[in-house]
Trainee: 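This is the structure I have questions about; it appears just below.
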Amino acid sequence: MYKILRNIIPQNLLLDTCEYIQNVSLQNPFIDSADDHGNYVFKRLYHNQLMQSEKIKDVLFHEHLIKKIKDEIGEFCFINDVRGLLNSYGSKLHRDGQSFGFSSEGLKKSSKVIKILIYFYKNETDIPKDNSLDINLINLKLKNFFLNKKIYMKMNFFYEFYLRARIMKTLQLNLGDVVLMDNNTWHRATYNPMRPKNKDNFEIKKILLDYEIVTDKKFAQEYADHVQKNFKKNDNYQNDPNLIGNFYLNKFKNNGIDIINIQ
């Protein structure tokens with residue numbers, strides 16, 4: 001499942017964050033990576049860096065955005081783990097719920113986790129097409145017509161990996177749009193041949209801010225524990241849950257949104 005919320009964040013709020021992002025990124029290391037198109041470099045922005053900026057929090061938790069998300073998916077919990085990527089041009093195909101596998105239960109869990117993606121392009125109002133996101137076109141679920149669980153899981157794997165993951169389209173995004181995408185969605189960065197291949201030609205262009213929400217309050221803490229155990233165990237950048245601030249704590253409370261911390 002994915003959905004684009006069009007023109008949901010005022011453009012001036014996004015543009016106002018560019019100088020802070022540029023400055024804070026100077027202290028972060030370059031990360032070398034590679035895919036089928038060759039080598040490239042990117043940078044990460046971490047929770048504690050992002051949540052120290054009131055301007056960025058105004059973007060991430062914009063009142064109109066929060067209310068629109070509730071309109072689209074209903075009640076949810078906020079996973080208090082905000083991230084950012086600079087020049088995230090890696091084109092490896094994947095889905096974020098990969099760690100839950102292809103079983104019916106695993107896919108069900110993944111469908112309850114929604115990623116909120118906010119893209120923009122340095123300090124410009126237009127987002128070029130090759131700075132976007134490729135996403136699966138087919139969203140149908142494979143019905144379990146098999147009594148044998150192993151047969152179903154094998155069929156589901158082939159359906160997911162060789163059909164859903166192979167028929168993709170590039171999203172047309174404008175500054176101020178927000179993408180909602182559950183963790184069963186296959187995706188990759190749109191390939192850009194001009195992406196920086198080393199730190200010498202690195203210039204911040206494509207900016208992505210994101211966080212996750214969970215639509216099942218009973219499952220939210222289990223998911224937070226899953227993230228901590230599998231993805232944060234050796235992370236040197238431990239989240240400070242208090243950086244959200246009283247203003248946004250009250251905003252979430254007034255909208256009936258529980259906050260789940262990554263401990």
Side-chain angles (χ1 to χ4, degrees), residues 5 8-10 12-31 42-70 75-88 96 113-120 123 176 178-181 183 204 206-215 217 219-263:
L5 305 181
I8 203 73
I9 299 175
N12 65 294
L13 293 183
L14 287 160
L15 296 177
D16 283 348
T17 68
C18 290
E19 183 178 357
Y20 176 82
I21 287 172
Q22 174 74 45
N23 291 336
V24 78
S25 70
L26 296 176
Q27 60 188 284
N28 292 3
F30 293 95
I31 300 174
F42 68 99
K43 284 191 174 189
R44 296 188 185 276
L45 296 174
Y46 298 96
H47 177 88
N48 291 0
Q49 295 175 312
L50 293 169
M51 297 293 277
Q52 290 183 47
S53 167
E54 295 301 315
K55 290 181 178 180
I56 286 180
K57 285 189 281 189
D58 284 345
V59 168
L60 297 170
F61 312 129
H62 186 59
E63 186 78 25
H64 194 192
L65 172 60
I66 295 299
K67 291 184 181 299
K68 188 62 176 178
I69 293 173
K70 287 193 70 175
E75 300 295 325
F76 66 86
C77 299
F78 165 63
I79 304 297
N80 196 5
D81 180 30
V82 176
R83 297 169 293 261
L85 290 172
L86 304 179
N87 293 345
S88 55
D96 294 334
V113 183
I114 311 291
K115 181 160 284 187
I116 311 301
L117 301 163
I118 304 169
Y119 286 91
F120 49 115
N123 58 350
V178 174
V179 180
L180 274 59
M181 179 180 76
N183 277 11
I204 296 175
K206 180 181 177 183
I207 300 171
L208 167 63
L209 304 178
D210 72 83
Y211 57 90
E212 290 179 320
I213 60 176
V214 178
T215 59
K217 290 188 176 184
F219 175 61
Q221 187 61 58
E222 178 186 338
Y223 178 70
D225 294 341
H226 175 78
V227 171
Q228 174 62 39
K229 179 181 178 181
N230 294 282
F231 305 108
K232 296 286 186 180
K233 189 175 182 179
N234 299 317
D235 195 342
N236 293 325
Y237 297 87
Q238 295 298 317
N239 293 0
D240 182 350
N242 300 313
L243 290 174
I244 192 170
N246 289 331
F247 178 80
Y248 298 99
L249 286 173
N250 291 331
K251 179 181 288 191
F252 280 12
K253 183 179 179 180
N254 293 337
N255 284 282
I257 301 167
D258 290 343
I259 298 173
I260 309 297
N261 295 320
I262 301 288
Q263 300 293 345

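No experiment lies behind these values; they were computed from the predicted model shown.
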Trainee: Is the number of heavy atoms from other residues, nucleotides or ligands under 6.0 Å of K55 NZ greater than 12?
Mentor: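 It does not: K55 NZ has 12 such atoms or fewer within range.
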Trainee: Would H47 and R83 count as a side-chain contact (heavy atoms from CB on, under 4.5 Å) here? Give the steps.
Mentor: CA-CA 5 Å; H47 177 88; R83 297 169 293 261; over 6 Å; no
Trainee: For atom NZ of K251, decide whether the heavy atoms of other residues, nucleotides or ligands shown that lie under 6.0 angstrom number more than 12.
Mentor: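 More than 12 within 6.0 Å, yes.
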Trainee: Please give me the minimum heavy-atom distance between A220 and V214, naming the atom from each residue.
Mentor: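 Where A220 meets V214 most closely, the heavy atoms are CA-CG1, 3.8 Å.
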Trainee: How far apart are the closest heavy atoms of I260 and A224, and which atoms are they?
Mentor: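 Scanning both residues, the minimum pair turns out to be CG2-CB, 3.5 Å.
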Trainee: Looking at V59, I9, L14, which hits side chain to side chain contact (heavy atoms under 4.5 Å, CB included) with F120?
Mentor: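 The residue from V59, I9, L14 that satisfies side chain to side chain contact (heavy atoms under 4.5 Å, CB included) with F120 turns out to be L14.
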Trainee: Counting neighbours of CD on E63 that are heavy atoms of other residues, nucleotides or ligands and sit closer than 6.0 Å, is the number greater than 12?
Mentor: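 Count over threshold, so yes.
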Trainee: When rounded to the nearest 0.5 angstrom, what is the spacing between CD1 in I262 and NZ in K229?
Mentor: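 Answer for the CD1-NZ pair, I262 versus K229, is 14.5 Å.
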Trainee: Quick check against the 3.5 Å criterion: does N87 have a side-chain atom that pairs as donor or acceptor with the backbone of K206?
Mentor: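 Confirmed, N87 side chain pairs with K206 backbone.
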Trainee: Do the two ring centres, one from F61 and one from Y211, sit under 6.0 Å apart?
Mentor: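 Under 6.0 Å, so yes.
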Trainee: What residues form a side-chain contact (heavy atoms from CB on, under 4.5 Å) with D96, not counting sequence neighbours?
Mentor: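 Applying side-chain contact (heavy atoms from CB on, under 4.5 Å) to D96 gives H94, K115, M181, N183, H187.
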Trainee: Give a yes or no on whether the backbone of N242 and the side-chain of D240 come within a donor-acceptor separation of less than 3.5 Å.
Mentor: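 Yes, the answer is positive, given that a donor and an acceptor are paired below the 3.5 Å cut-off.
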Trainee: Is there a donor-acceptor pair under 3.5 Å between the side chain of D258 and the backbone N or O of C77?
Mentor: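 It does not hold such a pair.
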Trainee: Would you tell me whether N48 and Q52 have side-chain atoms, one donor and one acceptor, within less than 3.5 Å of each other?
Mentor: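 On atom types as modelled, these side chains do not qualify, holding no pair under 3.5 Å.
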Trainee: May I have the step-by-step check of side-chain contact (heavy atoms from CB on, under 4.5 Å) for E54 and F247, ending in yes or no?
Mentor: CA-CA 10 Å; E54 295 301 315; F247 178 80; 5.9 Å; no
Trainee: Are N80 and M51 close enough that some pair of their side-chain heavy atoms sits under 4.5 Å apart?
Mentor: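 A side-chain contact exists here, since the closest heavy-atom pair is under 4.5 Å.
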Trainee: Any side-chain to backbone donor/acceptor pair from K57 onto L243? Under 3.5 Å, distance only.
Mentor: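 Side chain of K57 to backbone of L243: a pair is present.
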Trainee: Output, in order, the C-alpha distance, side-chain angles, deciding distance and verdict of side-chain contact (heavy atoms from CB on, under 4.5 Å) for I31 and R44.
Mentor: CA-CA 8 Å; I31 300 174; R44 296 188 185 276; 3.5 Å; yes
Trainee: Just wondering, more than 12 heavy atoms not from K217 lying within 6.0 Å of its NZ?
Mentor: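 Yes, NZ of K217 has more than 12 neighbouring heavy atoms, counting only those of other groups under 6.0 Å.
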Trainee: Could you tell me if the side chain of I69 sits less than 4.5 Å from the side chain of I116, heavy atoms only?
Mentor: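 Counting from C-beta outward, I116 and I69 do come under 4.5 Å.
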Trainee: Please examine the side chains of H62 and I8, heavy atoms only from C-beta on, and report whether any two atoms are closer than 4.5 Å.
Mentor: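 With C-beta onward as the side chain, the pair stays apart.
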Trainee: Hey, what do you get for CG (D210) to OH (Y119), rounding to the nearest 0.5 Å?
Mentor: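 If we round to the nearest 0.5 Å, D210:CG and Y119:OH are 8.0 Å apart.
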Trainee: I want to check something: taking the side chain as every heavy atom from C-beta on, are L5 and L65 in contact at a cut-off of under 4.5 Å?
Mentor: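 Heavy-atom side-chain distance check passes, below 4.5 Å.
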Trainee: Who passes side-chain contact (heavy atoms from CB on, under 4.5 Å) against L249, sequence neighbours left out?
Mentor: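 Result, side-chain contact (heavy atoms from CB on, under 4.5 Å) vs L249: I244, N246, I259.
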Trainee: From Q221 CD over to N261 CG, what is the distance, rounded to the nearest 0.5 angstrom?
Mentor: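 One gets 8.5 Å once the value is rounded to the nearest 0.5 Å.
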Trainee: Atom NZ of K253 and atom CG of N250: how far apart are they, to the nearest 0.5 Å?
Mentor: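 If we round to the nearest 0.5 Å, K253:NZ and N250:CG are 7.0 Å apart.
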Trainee: Is there a side-chain contact between L45 and L86 (heavy atoms, below 4.5 Å)?
Mentor: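 They are in side-chain contact.
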Trainee: Could you state the interatomic distance from CD (Q22) to CD (E19), rounded to the nearest 0.5 Å?
Mentor: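 The CD atom of Q22 sits 9.0 Å away from the CD atom of E19.
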Trainee: Taking all non-hydrogen atoms of both residues, which atom of F76 and which atom of I66 are closest, and how far apart?
Mentor: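 Scanning both residues completely, I find the closest heavy atoms to be CE2-O, 4.3 Å.
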Trainee: I want to check something: taking the side chain as every heavy atom from C-beta on, are I21 and I56 in contact at a cut-off of under 4.5 Å?
Mentor: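 Sidechains of I56 and I21: in contact.
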Trainee: Once you round to the nearest 0.5 Å, how far does CD1 of I207 lie from SG of C18?
Mentor: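 It comes to 4.5 Å.
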Trainee: Donor-acceptor pair, K43 side chain versus S25 backbone, under 3.5 Å?
Mentor: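 Yes; at least one donor-acceptor contact below 3.5 Å.
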Trainee: Evaluate the side-chain contact (heavy atoms from CB on, under 4.5 Å) criterion for residues V82 and L209: first the C-alpha distance (whole Å), next the side-chain angles of each, then the deciding distance (0.1 Å), finally the verdict.
Mentor: CA-CA 7 Å; V82 176; L209 304 178; 5.7 Å; no
Trainee: Would you check if there is a donor-acceptor pair between the side chains of D58 and Y248 at a distance under 3.5 Å?
Mentor: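 There is such a pair (donor and acceptor under 3.5 Å, judged by atom type) between the side chains of Y248 and D58.
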